[in-house]
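Because the structure is predicted, anything quoted here is derived from the model rather than measured.
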Amino acid sequence: MRNLAGVVAAIGGSVWLTRSALADGWNMPLGVTDVSRDIHGLHMTIFWICVVIGIVVFGVMFYSLFRYRRSKGAKSAHFHENTTVEVVWTAIPLLILVGMALPATATLKEMYDAEDADLDVMVTGQQWRWHYEYLGEDVSFISNMSTPRDQIDGAAAKGENYLLEVDQPLVLPVDRKVRFLLTSDDVVHSWWVPDLAVKQDAIPGFVNENWVRIEEPGTYRGQCTELCGRNHGFMPVVVEAVPPEEFDTWLAERKQAAAREASGVDREWGMDELMTRGQKVYESVCASCHQVDGSGNPPVFPALANNPALMEERDRHIATVINGVSGAPMPAFSSTLSPVEIAAVVTYERNAWGNETGDIVQPSEIQSQLE
Amino acid sequence: MAPKLPPQQPLQTPAEQGNDGAATAGHVNEGYHHGPSGLMRWLLTTNHKEIGTLYLIFSLSMFFIGGIFALVVRAELFQPGLQLVQPEFFNQMTTMHGLIMVFGAVMPGFVGLANWMIPLQVGAPDMALPRLNNFSFWLLPVAFTLLLSTLLMPGGGPNFGWTFYAPLSTTYAPPSTTFFILSLHIAGISSILGAINIIATILNMRAPGMRMMDMPLFVWTWLITAFLLIAVMPVLAGVITMMLMDINFGTSFFNAAGGGDPVMFQHIFWFFGHPEVYIMILPAFGIVSAIIPTFARKRLFGYASMVYATSSIAILSFLVWAHHMFAVGLPLVAELFFMYTTMLIAVPTGVKVFNWIATLFQGSISFETPMLFALAFVVLFTIGGFSGLMLAIAPADFQYHDTYFVVAHFHYVLVPGAVFAIMAAVYYWLPKWTGHYPNERLGRWHFWTSVIGVNLTFFPMHFSGLAGMPRRIPDYALQFADFNMASSIGALLFGTSQLLFVLMIIKCVRGGEKAPAKAWEGAEDLEWTVPSPAPLHTFDTPPQFHHREG
Ligand code: HEM
Ligand SMILES: [Cu+2]
Ligand SMILES: [Cu+2]
């Protein structure tokens with residue numbers, strides 16, 4: 001009777017476990033691309049193979065533990081070798097694995113075929129944000145996490161997409177083949193969106209490839225998955241997949257905006273507008289290392305407030321922001337920020353937090369340095 | 001009345017061996033003179049049993065320190081949001097936890113067992129190189145004091161994960177990284193010297209009549225592990241030296257801006273790192289292969305195939321390293337190669353599990369605490385093996401990699417794998433060390449709380465990983481909250497239940513049911529022919545070994 005209850009409990013338990021393991025939010029998502037579905041298929045196949053092997057192996061084991069208890073007077077047998085058995089249980093797993101390797105190889109080949117893309121997007125990891133550039137389209141922007149600090153510290157209620165929301169998502173067309181080219185400006189990052197089954201490391205000095213053809217419009221969320229320093233946990237990826245026509249309109253608008261930004265280089269900017277713009281840039285790009293109040297995080301991240309040496313050297317200040325500091329975690333911003341943004345942020349730093357040098361840095365000055 | 005002895009002190013006479021007695025295997029070793037007592041006795045000891053005890057105490061202390069760091073991590077992850085620690089410190093905790101557990105707890109734990117048991121199991125009077133043995137041990141406290149002290153240095157301790165990928169660990173690392181490198185060098189030297197000693201002992205000092213294929217599997221697996229150590233610790237030393245150069249001498253091995261190659265770092269690291277994970281599990285296979293036959297009262301099934309399986313695992317372990325790097329952008333052929341070799345390594349591992357189960361089949365099984373831990377090892381290690389098999393499927397690994405699924409996998413093989421095996425060994429050999437049986441009641445409590453704690457901690461991590469939670473993050477999205485809460489509760493249970501382990505050890509050292517020379521009815525190896533507790537000097541006259549027929 002007790003045995004029966006045990007068996008029923010065991011079966012019930014396993015059914016419950018497997019069911020929950022397959023439920024939404026407990027398992028790998030099916031995703032919205034061909035590749036993601038293939039991967040999900042491989043995952044479930046190997047999972048069931050493991051379940052079956054597990055049932056057989058643990059079945060025999062628990063049967064033996066139960067049946068051959070010394071307390072029930074079991075006497076041990078004397079066999080301790082059998083070459084046939086050894087060969088059999090080497091060969092069977094081998095065959096199962098060959099059977100598994102074939103579909104896995106096919107999927108891998110498909111994943112590696114990034115040829116003939118309709119759109120190329122350069123993804124650059126930076127501590128701790130993503131920079132996206134639509135190659136050949138003159139459109140690029142930075143994507144920062146937008147979850148407010150209050151929610152992280154528990155001072156405000158956490159929103160639905162806590163930690164998985166950004167100020168500017170990566171917009172992509174559905175039904176077109178998009179190729180990603182991934183690299184990094186500083187340490188190794190990894191760009192991952194589970195629903196797209198794309199996880200690819202972004203490595204300084206390397207350009208990696210991956211691709212996706214999204215089938216359903218929607219918002220897909222992911223995160224950086226390679227430890228990249230302090231804010232590694234706060235570096236989400238958000239992809240917004242839209243129908244191709246909508247994407248074309250969006251891209252055209254972004255192009256115009258980029259052109260307007262470029263023309264901003266030619267005119268004289270006033271202190272106020274530079275300060276407003278500079279504060280925005282500073283808080284979204286620089287504050288993660290130098291802190292919102294410019295106090296930095298010595299010894300590694302220098303303070304920009306109360307830094308008289310820096311205030312003396314306007315040229316070095318500009319050069320540092322443009323070229324970064326090689327051998328230290330200060331990135332070069334020449335390619336990720338526009339001349340207007342660089343001018344604005346330097347102006348801001350030279351006049352905020354009591355620095356009050358009164359210096360104005362014009363975008364045209366930055367432009368000429370960049371050339 | 002139980003004698004008041006310091007924990008784990010096996011013998012009352014502070015005798016000290018005067019010369020390198022080990023080199024005289026085969027002769028009667030005469031004239032021990034009395035060496036220093038007190039602290040100096042432990043500092044200067046060249047006795048394999050005392051050094052073994054030192055290693056085991058060291059390992060246990062590190063297990064608790066590393067465990068406290070893990071509990072800080074789990075406490076922060078109990079709920080979404082940042083409550084207790086800031087990300088800087090969180091990263092130091094995960095990194096230190098990993099480093100301490102791997103290099104400070106598991107590896108020295110196995111070396112301690114090797115020191116105690118290999119001479120006893122091969123019938124040797126001591127390790128082949130006793131003074132070197134003393135040196136290997138005392139390097140460890142130096143290395144780990146240095147490592148722990150980095151937490152107090154400006155900028156904090158290592159915060160780049162126990163895999164310390166460059167350039168996060170070079171250009172972007174805290175200033176204390178140079179000390180981290182030094183401490184790893186010292187720990188590495190200790191491992192290499194220990195491995196040399198073990199190989200020399202096993203190859204030269206077996207009792208007359210004991211052929212290689214007569215050696216207990218713990219000896220075999222340690223022999224193979226020692227070769228792995230000698231092969232890969234220098235690789236680790238190489239990679240950290242390159243880091244040292246990049247940080248302090250302006251080279252650019254891993255600095256892309258200077259023409260260096262961050263991917264090369266990962267290749268070198270994992271060329272060390274994958275064999276390293278087998279270094280942490282092969283001796284465990286040996287332990288389980290001793291305990292299961294003892295309590296099944298039946299000879300180990302497939303002894304020869306166990307030896308061959310261990311050797312093939314060791315060889316294959318040099319050919320699979322890039323399965324940790326499927327997402328770094330390797331060429332397709334490389335992905336395929338490493339996927340196939342990794343799948344292949346599952347075969348000999350499976351053979352081992354099948355052999356253990358065939359040993360149980362038609363045995364006469366009893367369930368003393370060492371056996372409970374060994375059986376839990378078989379089941380839970382196999383579960384870790386299953387998730388390993390899943391991770392081997394390269395396309396799927398793109399989804400699993402660097403998520404909590406991986407954290408679940410390696411903890412299943414390390415905690416109920418390596419750590420349970422060490423605990424099983426302690427319960428199994430304590431009667432030989434102390435002359436007393438461990439308290440069964442305490443043992444059972446320790447076992448069941450540990451099993452429940454481990455599964456509650458690590459099983460939900462499979463789900464949070466599959467659902468998309470990356471590893472090494474101090475805060476997480478709301479859909480992972482329940483899994484994390486369960487894990488944190490499990491971790492607290494597992495952590496506190498280890499106090500029972502300490503309590504059991506202390507009680508066992510102080511007293512308890514007296515154990516005869518052959519403490520377990522079904523035990524067969526040479527260590528059970530010497531008295532319990534084993535006197536400080538054993539096998540001064542080598543025993544004649546008679547190998548078992550049929
Ligand atoms: C009380 C038991 C333990 C608990 C609760 C625990 C928990 C954890 C947690 C929460 C992490 C960090 C995961 C992440 O964010 O990446 C971690 C990492 C790790 N643990 Fe454990 N752990 C335990 C025991 C062990 C043991 C015994 C070992 C070694 C045999 C071990 C080896 C590791 C390693 C190698 C890492 C990776 C460290 C890194 O990311 O750099 N753990 N553990
Ligand atoms: Cu990251
Ligand atoms: Cu590996």
Point to revise | For chain B, the option from A:F79, A:F62, A:Y63 that forms the most heavy-atom pairs under 4.5 Å | key: A:F79
Exercise for review: Answer yes or no for A:R69 and A:F66: cation-pi contact, defined as NZ/CZ to six-membered ring centre under 6.0 Å and angle to ring axis within 45°.
Suggested key: yes
Study note, to complete from the structure: Under 4.5 Å to a heavy atom of chain A? For B:Y165 that would be side chain
Practice item. Below 4.5 Å from any heavy atom of chain B, which atoms of A:Q200 appear? Answer side chain, backbone, both or neither. Key: both
Check your understanding: Given that the side chain runs from C-beta out, which part of A:D186 has a heavy atom under 4.5 Å from chain B: side chain, backbone, both or neither?
Key -> both
**Study point:** Structural part of A:F234 lying under 4.5 Å from a heavy atom of chain B
**Key:** side chain
Point to revise | Donor-acceptor under 3.5 Å (A:D150 side chain, A:A156 main chain) | key: no
**Study point:** Under 4.5 Å from any heavy atom of chain A - which part of B:F367
**Key:** side chain
Point to revise | Contacting region of B:Y340 [heavy-atom separation from chain A under 4.5 Å] | key: side chain
Check your understanding: Which bit of A:L164 is near chain B, if near means a heavy-atom gap under 4.5 Å: side chain, backbone, both or neither?
Key -> side chain
Check your understanding: What part of A:D38 lies closer than 4.5 angstrom to a heavy atom of chain B: side chain, backbone, both or neither?
Key -> neither
Point to revise | Contacting moiety of A:L65, where chain B heavy atoms sit under 4.5 Å | key: both
Point to revise | B:F459 ring center within less than 6.0 Å of B:H462 ring center | key: yes
Study note, to complete from the structure: Turns out that what part of B:Q92 lies under 4.5 Å from chain A's heavy atoms comes down to neither
Check your understanding: Given that the side chain runs from C-beta out, which part of A:F58 has a heavy atom under 4.5 Å from chain B: side chain, backbone, both or neither?
Key -> side chain
Point to revise | Toward chain A, the part of B:Q86 with a non-hydrogen atom under 4.5 Å | key: side chain
Check your understanding: What residue in A:D153, A:V207, A:T90 has the most heavy-atom pairs under 4.5 Å with chain B?
Key -> A:T90
Review point. Is a side-chain N or O of A:T183 found less than 3.5 angstrom from the main chain of A:F206, in a donor-acceptor match?
Key: yes
Review point. Side chain, backbone, both or neither: which part of A:L42 has a non-hydrogen atom closer than 4.5 Å to chain B?
Key: side chain
**Study point:** Portion of A:N208 that has a non-hydrogen atom of chain B nearer than 4.5 angstrom
**Key:** side chain
**Study point:** Engaged part of A:M111 at the chain B interface, taking heavy atoms whose separation is under 4.5 Å
**Key:** side chain
Point to revise | Heavy-atom pair count under 4.5 Å with chain B, highest-scoring of A:A104, A:G233, A:C224 | key: A:A104
Check your understanding: Got a sec: does the CG of B:D482 have more than 12 other heavy atoms crowding it under 6.0 Å?
Key -> no
Exercise for review: Against chain A, label B:N159 side chain, backbone, both or neither, depending on which of its atoms sit under 4.5 Å from a heavy atom there.
Suggested key: backbone
Point to revise | Contact leader toward chain B among A:L227, A:T107, A:I39, where contacts are heavy-atom pairs under 4.5 Å | key: A:L227
Review point. So which part of B:A296 gets closer than 4.5 Å to some heavy atom of chain A, the side chain, the backbone, both or neither?
Key: backbone
Review point. Is it the backbone or the side chain of A:I53 that comes under 4.5 Å from a heavy atom of chain B, or both, or neither?
Key: both
**Study point:** Top contributor to chain B contacts, counting heavy-atom pairs under 4.5 Å, from A:C50, A:G205, A:A74
**Key:** A:C50
Practice item. Can you tell which part of A:L108 gets under 4.5 Å to a heavy atom of chain B, answering side chain, backbone, both or neither? Key: both
Point to revise | Residue, of B:Q83, B:M339, B:Q79, that accumulates the most heavy atom pairs under 4.5 Å with chain A | key: B:M339
Review point. Once the angle between the rings of B:F160 and B:F164 is folded into 0 to 90°, is it parallel (under 30°), tilted (30 to 60°) or perpendicular (over 60°)?
Key: perpendicular
Study note, to complete from the structure: Applying a strict 4.5 Å limit to non-hydrogen atoms, the region of A:Q127 in contact with chain B is side chain
Point to revise | Top of A:K75, A:E81, A:E86 for chain B proximity - count of heavy-atom pairs under 4.5 angstrom | key: A:E86
